[in-house]
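Start at 1 with the first residue, then count along the sequence.
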Amino acid sequence: MAKGISPDFDEEGAVTNISLPRRGAWSTFYLVVALVAGLTMLAVLCAPPDLVTRLQVAIRTTARTSAALFLAAFTASALAAYRPGAVTDWVLRHRRQLGLGFAFSHAIHALLIYCYVRVAPEAFWDGRSVATNVPGTIGYVAILLLVLTSSDTAVARLGPATWKRLHTSAMWVIFAVFIIAFAKRIPVNVAYAAPTLLFAVAAALRLARRPRPTRVA
């Protein structure tokens with residue numbers, strides 16, 4: 001298995017080799033990091049000049065970049081199975097880097113929330129409780145597990161089957177955190193119905209995934 005590449009699994013759980021030069025793979029991660037940072041800075045610059053508002057805008061921006069990157073990693077195998085082609089194959093081959101890009105985006109999201117709590121604790125806790133933060137905390141634990149095991153060394157030590165179960169479970173935990181966060185906001189802002197529906201469709205695609213056709217060398 002090439003270093004720096006996320007292995008794929010067929011329907012029986014066997015590892016499907018995916019080869020890609022290490023340098024090319026990690027350039028994708030660096031590009032994602034630059035994109036997340038650039039979009040966040042642009043959103044902040046376009047926001048009103050007060051610190052609290054800019055923190056709120058940055059938090060919303062990183063939430064959206066995190067959701068987009070997670071969806072790319074979450075649906076990579078399913079989309080490549082349903083619609084084989086250059087784009088879906090590229091996403092699948094770069095799934096690990098996109099996933100780590102998601103982790104980076106959500107780490108920045110967490111840092112911004114921490115700053116927001118320090119700057120405007122009353123605004124942050126308005127309508128919140130410790131209990132409402134539990135799903136997000138669980139999501140971050142799942143992200144940490146994914147990051148710590150996103151290497152070929154982890155696959156070798158855990159074994160492909162155990163690695164697959166861990167990553168599949170963690171991905172569904174993060175999915176649940178996202179869709180619950182979006183769905184519960186619909187009564188306040190109907191625009192959240194769009195990402196809720198998008199995540200529901202992503203889940204349906206993944207659950208109904210067909211085996212990828214075997215490629216003849």
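- A 4.5 Å side-chain heavy-atom check between Leu79 and Val91 finds every atom pair outside the cut-off.
- Under the ring-ring contact (aromatic ring centres under 6.0 Å, His included) criterion, the residue pairs touching residues 186-206 are Phe175-Phe199, Phe178-Phe199, Phe182-Phe199, with sequence neighbours excluded.
- Proximity of Phe70 to Ile174: side-chain heavy atoms (C-beta onward) are separated by under 4.5 Å at one or more points.
- Nearest heavy atom pair, residue Leu98 against residue Ala72, reads CD1-CB, 4.1 Å.
- Aromatic ring pairs are classed by plane angle as parallel below 30°, tilted from 30° to 60° and perpendicular above 60°; the pair Phe29 and Trp26 is perpendicular.
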* Go through Thr65 and Thr62 one step at a time and tell me if the side-chain contact (heavy atoms from CB on, under 4.5 Å) criterion holds. => CA-CA 5 Å; Thr65 56; Thr62 50; 4.2 Å; yes
Practice item. Output, in order, the C-alpha distance, side-chain angles, deciding distance and verdict of side-chain hydrogen bond (donor to acceptor under 3.5 Å, both in side chains) for Ser66 and His109. Key: CA-CA 8 Å; Ser66 294; His109 182 70; 5.8 Å; no
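- Under the 4.5 Å side-chain criterion, counting only non-hydrogen atoms from C-beta, Arg93 is not in contact with Trp90.
- Taking 4.5 Å as the limit, some side-chain heavy atom of Gln56 sits within range of a side-chain heavy atom of Val52.
- Taking the side chain as every heavy atom from C-beta outward, Leu112 and Ile108 approach each other to under 4.5 Å.
- Taking 4.5 Å as the limit, every side-chain heavy atom of Pro195 sits out of range of all side-chain heavy atoms of Arg64.
- Checked by atom type, the side-chain pair Thr196/Arg185 shows no donor-acceptor distance below 3.5 Å.
- Counting heavy atoms from C-beta outward, Ile180 and Pro135 have side chains that stay 4.5 Å or more apart.
- When all heavy atoms of Leu145 and Thr149 are compared, the closest pair comes out as O-OG1, 2.7 Å.
- Heavy-atom minimum distance, Ser129 versus Thr132: O-OG1, 2.6 Å.
- Thr28 pairs in a side-chain hydrogen bond (donor to acceptor under 3.5 Å, both in side chains) with only one of the listed residues (Arg95, Gln97, His94), which is His94.
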